[in-house]
Amino acid sequence: MSIKKRKFDSIEKMLSFPKYITLDNDTLTLKNCIINFDFSLVNFISTISPQSIVCVSNEQKETEDTGKLYEVNCNITFENVDFLKDVSIIGFIFKGKIELKNIDSTVRFGFSMCFFAYQYITQFNDEQFPIIIDGITNTPLFFFDNCYFDSNMLIMNIYCSFLLVSKCKINALIGIVNIHIIKDIKQLANDIIKQTDSIFLDEIHVHGDLKIGKVTNACKMSLHKIIIYKDGLLKISNYNDDLKKRISYKLGNIELVNSIVNGTVIFKDSVFRKFKFDEIDVAGNIIEDNINYVDLDNIETANILKNQAKKQSNTYLYNKHKAEELNKLFINKTIIPIKDTISKIDHYESNKKLFILRIKTVLKSIIHNLYIFLISTLLAFFSKERFLLWINKYSNNYGQDWSRGVIFTLIVSFMFYSFFTYSINKIEFSNDFSQWIFFNPTYWKEVIGYLWLPNLDDFKVLLNDNNVSVWSYSYFIIGKIFIAFGIYQTISAFRKYGK
């Protein structure tokens, strides 16, 4: 059953209908209304309960927007209220409780330069929330700007196009739960292409706890200039968790940029498309718990997660992120140079000559960069570091895949034993394929026997044969070395499961 709401065009008309506005036991309540005027909380409280609001003449707390700061000593409850015009609650010190419930706002709704300072609770107690915002729907922008949170706050069931928390200081427990980003398919597709932020946290100082959970349909969450102090906690959980069973994730990029983590950051039960850390200083802890993602954005992200896993003695995550770090290093020397060149082809005007000129320029650039790329790749591959990266990748995927170790060992055994037997003229190629040694079961038994490292019978034969070339000795010995390496890589990949 829907609640019948009455529409008001001014606060004066509201006063004629007292059942929509009540003042009882220091609690000012507004309910079941449609507000179709420029709502001012100062005027509203001053009109209904003037004794509950005081203008504070503290220059340090005066706001740039109003030049004044108002202290509110009563409790405020808004329930089942629709706002048809922008609502910006600016310049307040809230000493009482606040409850906003079932607010429908087709316009912007939020708080700026506000101090939430109800002190009659135990801070960080997740059962005591003097400030509750439960149900903000249809708003294009829900925001907190330049706010100070000295009392616990629970924000839940928010349906908005964009959530902004900027330049805030958190000294208590702030829970932001069940955030649903509302976009139609066309808007969402455009956001994915442009990687537009759905949630933006900027310049936030966390001395207390900031917990964000159950976020759905979010294209991107950006956290910029966040400072997590020693006792501070930032927890992000169930972020796009509804996408976990999908094969391809188009939503869910998250980035932590230009930030300092001296406390704790937790990512839990979440799905990210891309995970990015950039220019962050981590003296505290970053904890992963049941995280799924398609890709890490850069080497720095992999490196930070790897170091954190090592710090927490998590061998599995350490090996995983180490593999990702090395793979990123490998890609940076190969794929990225070509992508950077192709990205130079931008949109062109209808001028055909200009388009042809641009194409010629870009083609020359691609050819030049391909040449540089091929030369640098060859040089890099033959360097010791590149060779070690390559062989570790394909022998056990940097300690992640023991099956690669087995396959690698079998391949090098076959390859080097074939080189060896060919060098001593045991392999001959005739027009009759059936006569090739590869179709002889005895040959494959010899290949398997070559895997047995102590078996040096063939090498003893070589030593007694003065006509054998140095290549035969080399193939035999190098093959044994690679077989030993393959066995070691297989065992080392197994070891991660025992820790």
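Note that the structure is predicted; figures quoted are calculated from it, not measured.
The shortest heavy-atom contact between E279 and N258 is OE1-OD1, 2.7 Å. Shortest non-hydrogen contact noted between R273 and N253 is CB-OD1, 3.1 Å. When all heavy atoms of V42 and S46 are compared, the pair lying nearest together is O-OG, 2.7 Å. Between A172 and D150, the shortest heavy-atom contact is CB-C, 3.9 Å. Shown here for T139 and V107, the closest heavy-atom pair between the two residues is OG1-O, 2.6 Å.
Checked against the 6.0 Å centroid criterion, the rings of F8 and F17 qualify as a close aromatic pair. In this structure, the ring of Y118 has its center no less than 6.0 angstrom from the ring center of F94. Aromatic rings from F143 and F111 are positioned such that their centres are separated by 6.0 Å or more.
Between F115 and Y148, the two ring planes are parallel [angle under 30°; tilted spans 30° to 60°]. Between F275 and F267, the ring planes lie perpendicular to each other; the angle is over 60°, past the 30° to 60° tilted range.
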Evaluation steps, side-chain contact (heavy atoms from CB on, under 4.5 Å), between L28 and F44 = CA-CA 10 Å; L28 180 57; F44 177 72; 3.5 Å; yes
message = Could you go through H321 and E288, starting from their C-alpha distance and side-chain angles, then the distance that decides it, and tell me whether this counts as side-chain contact (heavy atoms from CB on, under 4.5 Å)?
response = CA-CA 12 Å; H321 296 313; E288 301 172 69; 2.7 Å; yes
request  = Please assess N396 against D401 for the test side-chain hydrogen bond (donor to acceptor under 3.5 Å, both in side chains), listing each intermediate value before the final yes or no.
outcome  = CA-CA 5 Å; N396 67 0; D401 189 351; over 6 Å; no
request  = Please lay out, stage by stage, how F149 and K169 fare under the test side-chain contact (heavy atoms from CB on, under 4.5 Å).
outcome  = CA-CA 6 Å; F149 300 90; K169 185 175 181 180; over 6 Å; no
Audit row: T77, E79, side-chain hydrogen bond (donor to acceptor under 3.5 Å, both in side chains) steps and yes/no = CA-CA 6 Å; T77 299; E79 185 174 356; over 6 Å; no
request  = For I286 and I280, run side-chain contact (heavy atoms from CB on, under 4.5 Å): C-alpha distance rounded to whole Å, both residues' side-chain angles, the deciding distance at 0.1 Å, then the answer.
outcome  = CA-CA 12 Å; I286 297 178; I280 69 170; 4.3 Å; yes
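Side chain of S259 to backbone of V257: a donor-acceptor contact under 3.5 angstrom is found.
Contact annotation: the side chain of Y293 approaches that of I291 to within less than 4.5 Å [non-hydrogen atoms, C-beta and beyond]. Residues I170 and Y229 fail the side-chain proximity criterion, which asks for heavy atoms closer than 4.5 Å. Contact check for F39 versus I11: no side-chain heavy atoms found under the 4.5 Å cut-off. Between S112 and S88, every side-chain heavy-atom pair lies at or beyond the 4.5 Å cut-off. Counting only heavy atoms from C-beta outward, the side chains of V261 and D281 never approach each other to under 4.5 Å. For the pair I236/I254, a side-chain contact is recorded, criterion being any heavy-atom separation below 4.5 Å from C-beta on.
For residues 293-308, the salt bridge (Lys or Arg N to Asp or Glu O under 4.0 Å) pairs, not counting sequence neighbours, are K274-D297, D295-K328, K306-E325. Residue pairs meeting the salt bridge (Lys or Arg N to Asp or Glu O under 4.0 Å) criterion with at least one partner in residues 5-25, sequence neighbours excluded, are K5-D82. Among residue pairs with one or both ends in residues 101-117, those qualifying as salt bridge (Lys or Arg N to Asp or Glu O under 4.0 Å) are D86-R108; sequence neighbours excluded. Pairs of residues two or more places apart, or lying in two chains, that qualify as ring pair (Phe, Tyr, Trp, His ring centres under 6.0 Å) and include a residue from residues 162-183 are Y159-H180.
Looking at residues two or more places apart in sequence or on another chain, you find a side-chain contact (heavy atoms from CB on, under 4.5 Å) between N314 and A309, Y316, L317. Applying the salt bridge (Lys or Arg N to Asp or Glu O under 4.0 Å) test to K214 and every residue at least two apart in sequence or in another chain returns nothing.
Between the side chains of N238 and D269, not a single donor N or O lies within less than 3.5 Å of an accepting N or O.
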